[in-house]
Protein chains: 4
Amino acid sequence: MTDPASTRDRILNAAEALFAERGLAGTAVRDIAAEAGLTAASLYNHFASKEALYEAVLERGVRPLLALLSQLAEGERLEGRVDVIDALMEHLARTPHLPRLVHHEAVTGGVRLARLARMWIRPLVNEALSVLKRQDAISQHWAQDEYPLLIAAWLHLLFGHFAMAPLLTEVFDEDALSRASLERQTRFLRKLSLLLLGRADEPGGSPT
Amino acid sequence: MTDPASTRDRILNAAEALFAERGLAGTAVRDIAAEAGLTAASLYNHFASKEALYEAVLERGVRPLLALLSQLAEGERLEGRVDVIDALMEHLARTPHLPRLVHHEAVTGGVRLARLARMWIRPLVNEALSVLKRQDAISQHWAQDEYPLLIAAWLHLLFGHFAMAPLLTEVFDEDALSRASLERQTRFLRKLSLLLLGRADEPGGSPT
Amino acid sequence: MTDPASTRDRILNAAEALFAERGLAGTAVRDIAAEAGLTAASLYNHFASKEALYEAVLERGVRPLLALLSQLAEGERLEGRVDVIDALMEHLARTPHLPRLVHHEAVTGGVRLARLARMWIRPLVNEALSVLKRQDAISQHWAQDEYPLLIAAWLHLLFGHFAMAPLLTEVFDEDALSRASLERQTRFLRKLSLLLLGRADEPGGSPT
Amino acid sequence: MTDPASTRDRILNAAEALFAERGLAGTAVRDIAAEAGLTAASLYNHFASKEALYEAVLERGVRPLLALLSQLAEGERLEGRVDVIDALMEHLARTPHLPRLVHHEAVTGGVRLARLARMWIRPLVNEALSVLKRQDAISQHWAQDEYPLLIAAWLHLLFGHFAMAPLLTEVFDEDALSRASLERQTRFLRKLSLLLLGRADEPGGSPT
DNA sequence: GATGAATGAGGATTCATTCAT
DNA sequence: AATGAATGAATCCTCATTCAT
């Protein structure tokens, strides 16, 4: 229980969990501080404001995620790229608060979202688009103006599982973040990705 | 005076928009009242509390949506069921705040979500499951324990587009709720549904 | 003790006294509210912010004072104008907080002061200047570029007595705001004004 | 490192400027420390408390001023004493924050003011009074019970110019602390002093 | 001497809610 | 129904001060 993490990191962890659960407005600075083992006043020795803390949380969470995502876009071809799905699922499983944070942002809109979208997500999407265009198989199923929808759909599926975990858990009576559940979702996504790319007949899991 | 909508409805409309945008905690009763052309004090002549108002908003929005969804599960077969997608998309387009409301709830968790999930959504999902099981074509692609994931995926795709509209708008530089965008998404979902059900070769749109 | 004044006025009175004594930064909204018989939260039903309250206090105090001062500048000649001194002294005696408020402002500088100075005080001073220039007697004693100093001096003497009342009271062991003290100061100012205008030999009080 | 002033003096200077501008309550220890190039924590290595610092500032500023003032009261006669005005104006010009500090104190009242008034200022005033009583010329214009008012007036004029410098600067569109402005004010005060003492006809400056 | 971090006490302001009118 | 005014409980944040390093 002796906390080895630096105070700053403890604050960031506490804030990440609470912001993800309750959103920015719904989270009290005092609660974050208490969770990190401090007074609210002390917290202000580490972050200038609630807003600044929120952005630090976003930054810390989003940066490695985007780094990982950019790997997907780097490859020339998509074949064998299903491993990226594994990597992403594993990463998200390790930071399960992040998708909810992003959802809060995405749903709310505002300047922060605009910055996030234009500076980080858009370039990624563009790169992903150019990769898609280089795939021949895909054009048999989808029109070019549907490529963006494909990307969006893929993100909905990937992030949705984590972000909506509380709902899924209630509905399916099984912890959506459990190892078993995540592995099943991973396999499912792999198959579905191949299906979307028009390679449903390739290996990746036949019906049980 | 010239406003034909009842005061109660005006409040509900205002509340729906603001709750969807800012969440429950982030929305001030005063702001809702002001948006509806009242004082906060007056609002309490129509709703007992902020909580009660929130639940009324949820109720008003979710009930017809669930009614519509239950139609999907009613049918014996899925063939021709793509029209349900049209109906749903049209319904959601008319109440674009609803998916964001649901997302706020789904992400947050808590008692309200549990109630919503167990009382309303679970029966729907179960019915949908039993329908899926009656489809032969589907079993060529998916294992039985993947059926719930199929349903979840389908909901992610359908709701995600609306809930994440602010983000999509920023990223793709096109209003995700515009008529054109919605029609494209509808076509896309139709094709994708058929693909998921193993009927990608059927009509529904070949690559442009 | 049943307070007939409107709540708003009671707040303004309490604020005037406290701001005058402790300055803007040194006064707690809670103290003002308490003095007016309210909670701090209630005070915000009447004024949007501490700043707004402060400006309302200034406005309420300064406006009638400037109206009175402008009478001085209206007259063609200064003869017999000593009655203006009486009027001003009486007015200030009735609102003894005002000069201290103005001093706080004058000493502090800032945007509010700039506005006060340019919009209200400067026109008054200019009018006073033009009156001075029409007096013949004055030019025997003072050069034209000393006229502004004369006006400033006159204001220092008039306001100083009230603003520094706490100090004067301590030093001279006599309440500087007592009737006797104020009457003596009035007589003194009358004589001194005549002296400044080069009419020391006219009536207005010979050495006891 | 290259700063020749001792840390203690740098703190005193910073504090003097800020206290003069914002008053005791309006000034944050952190701001003083920052202005002096320290942390607030470090400042406490030099002064025991904010109060102690404030008193040290007051002490450092007031002591030499009072020493200078006491020279005025020492002399037997007032003739030729106009040089004291020069000395005072020069002194104040070198520490332009001081009059504002004193004004803050004078306007606010309280224990510190009482001590200042009774221990330092009152003896000075008494001495000044006894000097005035020894002047013959003065009794032609002023009654004995007006002597204190004369002294007070003289102080209002002298200190007022510095204390109200921000206001004067705004109103007259000329820096009240500029060399030209101060020289003009010095000449003015000299003439006015002679006038008050009943020697307007003596040298000291005829109308330009 | 200097500093980063911690903190209790406050301080301005918001908020949901109530109530008399 | 509508509202102005009132309020206790928060909420974000600042401040003077302390202490270990």
Side-chain angles (χ1 to χ4, degrees), chain A residues 6-8 10-11 24-34 36-54, chain B residues 6-8 10-11 24-34 36-54, chain C residues 6-8 10-11 24-34 36-54, chain D residues 6-8 10-11 24-34 36-54:
Chain A
S6 82
T7 303
R8 189 186 154 90
R10 271 176 15 238
I11 296 174
L24 174 57
T27 306
V29 170
R30 205 175 323 177
D31 291 351
I32 299 174
L38 288 103
T39 313
S42 304
L43 187 148
Y44 282 88
N45 283 325
H46 300 270
F47 295 93
S49 68
K50 190 187 181 180
E51 267 277 328
L53 171 55
Y54 184 70
Chain B
S6 81
T7 302
R8 189 186 153 87
R10 271 180 8 243
I11 295 175
L24 174 57
T27 307
V29 171
R30 233 193 311 251
D31 291 351
I32 299 173
L38 286 98
T39 312
S42 305
L43 186 147
Y44 282 84
N45 283 327
H46 300 269
F47 295 92
S49 69
K50 188 187 181 182
E51 268 278 329
L53 171 55
Y54 183 70
Chain C
S6 82
T7 302
R8 190 187 152 87
R10 272 178 11 240
I11 295 175
L24 174 56
T27 306
V29 170
R30 204 175 320 174
D31 291 350
I32 299 174
L38 288 102
T39 313
S42 303
L43 186 148
Y44 282 86
N45 283 325
H46 300 270
F47 295 92
S49 68
K50 190 187 181 182
E51 268 276 330
L53 171 56
Y54 184 70
Chain D
S6 80
T7 303
R8 189 187 153 87
R10 271 178 11 241
I11 295 174
L24 174 56
T27 306
V29 170
R30 234 193 311 251
D31 290 352
I32 298 173
L38 285 99
T39 311
S42 305
L43 186 148
Y44 282 84
N45 283 327
H46 300 270
F47 296 92
S49 70
K50 188 187 183 184
E51 268 278 329
L53 170 56
Y54 184 69

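Below, chains carry the letters A, B, ... as their sequence lines are ordered, and counting in each starts from 1.
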Engineer: Send over the distance from F47(B) CZ to dA16(E) C1', rounded to a whole Å.
Structural biologist: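 About 16 Å, once rounded to whole Å.
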Engineer: Check G26(B) against A25(A) and note the closest heavy-atom contact, atom names and distance.
Structural biologist: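 For G26(B) and A25(A), the tightest heavy-atom pair comes out as CA-CB, 3.4 Å.
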Engineer: Within less than 4.0 Å of OP1 or OP2 of dG4(F), is there a side-chain N or O belonging to H46(C)?
Structural biologist: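 Answer is no, no contact under 4.0 Å.
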Engineer: Just N and O in the side chain of T39(D): are any of them under 4.0 Å from OP1 or OP2 of dA5(E)?
Structural biologist: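 False: T39(D) side-chain N/O out of range (4.0 Å or more) of dA5(E) OP1/OP2.
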Engineer: Could you give the CG-to-P distance, from L43(A) to dA6(E), as a whole number of Å?
Structural biologist: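 Value for this atom pair: 10 Å.
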Engineer: Tell me which pairs pass salt bridge (charged side-chain N to carboxylate O under 4.0 Å, His left out) where either residue lies in residues 36-45 of chain D, with sequence neighbours left out.
Structural biologist: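 Qualifying pairs, neighbours excluded: none.
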Engineer: To the nearest angstrom, how far is Y54(A) atom OH from dC13(F) atom C1'?
Structural biologist: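 Taking OH of Y54(A) and C1' of dC13(F), I get 20 Å after rounding.
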Engineer: Kindly write out the residues that satisfy side-chain contact (heavy atoms from CB on, under 4.5 Å) with N45(D), not counting sequence neighbours, or none if the list is empty.
Structural biologist: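 Counting only residues at least two positions away or on another chain, N45(D) forms no side-chain contact (heavy atoms from CB on, under 4.5 Å).
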Engineer: Identify the two heavy atoms, one from A40(D) and one from V29(D), that lie closest to each other, and give their separation to 0.1 Å.
Structural biologist: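 Smallest heavy-atom distance, with atoms named: CB-CG1, 4.2 Å.
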Engineer: Is the distance from OP1 or OP2 of dA5(F) to the nearest side-chain N or O of S42(C) less than 4.0 Å?
Structural biologist: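 So the side-chain polar atoms of S42(C) never come under 4.0 Å of the phosphate oxygens OP1 or OP2 of dA5(F).
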Engineer: Using atom types as modelled and distance alone, determine if a side-chain donor or acceptor of K50(A) lies under 3.5 Å from a backbone N or O of A28(A).
Structural biologist: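 Here the side-chain-to-backbone pair does not exist.
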Engineer: Whether T7(A) contacts dA6(E) is assessed here as follows: a side-chain N or O lying under 4.0 Å from the phosphate OP1 or OP2. Is that the case?
Structural biologist: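 Indeed, a polar side-chain atom of T7(A) lies that close.
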Engineer: Going by side-chain contact (heavy atoms from CB on, under 4.5 Å), name the residues that satisfy it together with Y54(B), two or more places apart in sequence or in a different chain.
Structural biologist: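 Listed in chain order: F19(B), L24(B), L58(B), L101(B), E105(B), R112(B).
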Engineer: Got a sec, which residues hit side-chain contact (heavy atoms from CB on, under 4.5 Å) with T7(A), two or more places apart in sequence or on another chain?
Structural biologist: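 Listed in chain order: R10(A), I11(A), L38(A), H46(A).
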Engineer: Measure the distance from CG on N45(D) to P on dA2(E) and round it to the nearest whole Å.
Structural biologist: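 So the CG-P distance, N45(D) to dA2(E), works out to 6 Å.
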Engineer: So, the side chain of S49(B) versus the backbone of A52(B): is there a donor-acceptor pair under 3.5 Å, distance only?
Structural biologist: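 Yes: the side chain of S49(B) pairs with the backbone of A52(B).
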Engineer: Could you give the CZ-to-C1' distance, from R10(A) to dA6(E), as a whole number of Å?
Structural biologist: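 Taking atom C1' of dA6(E) as the reference, CZ of R10(A) is at 12 Å.
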Engineer: Should stems be defined as at least three consecutive Watson-Crick or G-U pairs with both distances under 3.5 angstrom, which of them involve DNA chain E?
Structural biologist: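 If one scans DNA chain E for consecutive Watson-Crick or G-U pairs, the stems found are E:2-21 with F:2-21.
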Engineer: Whole Å only: how far is the CG atom of D31(B) from the P atom of dC15(E)?
Structural biologist: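 The answer, rounded to whole Å, is 7 Å.
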Engineer: Between CZ of F47(D) and CD1 of I32(D), what distance do you get to the nearest 0.5 Å?
Structural biologist: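 Those atoms lie 9.5 Å apart.
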Engineer: Counting primed atoms plus P, OP1 and OP2 as sugar-phosphate and everything else as base, spell out the protein contacts along nucleotides 16-21 of chain F at 4.0 Å heavy-atom distance: B, S or - for each nucleotide, 5' to 3'.
Structural biologist: SBBB--
Engineer: Grab the CZ-P distance between R8(C) and dG4(F) for me, whole Å please.
Structural biologist: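 It is 15 Å, rounded to the nearest whole Å.
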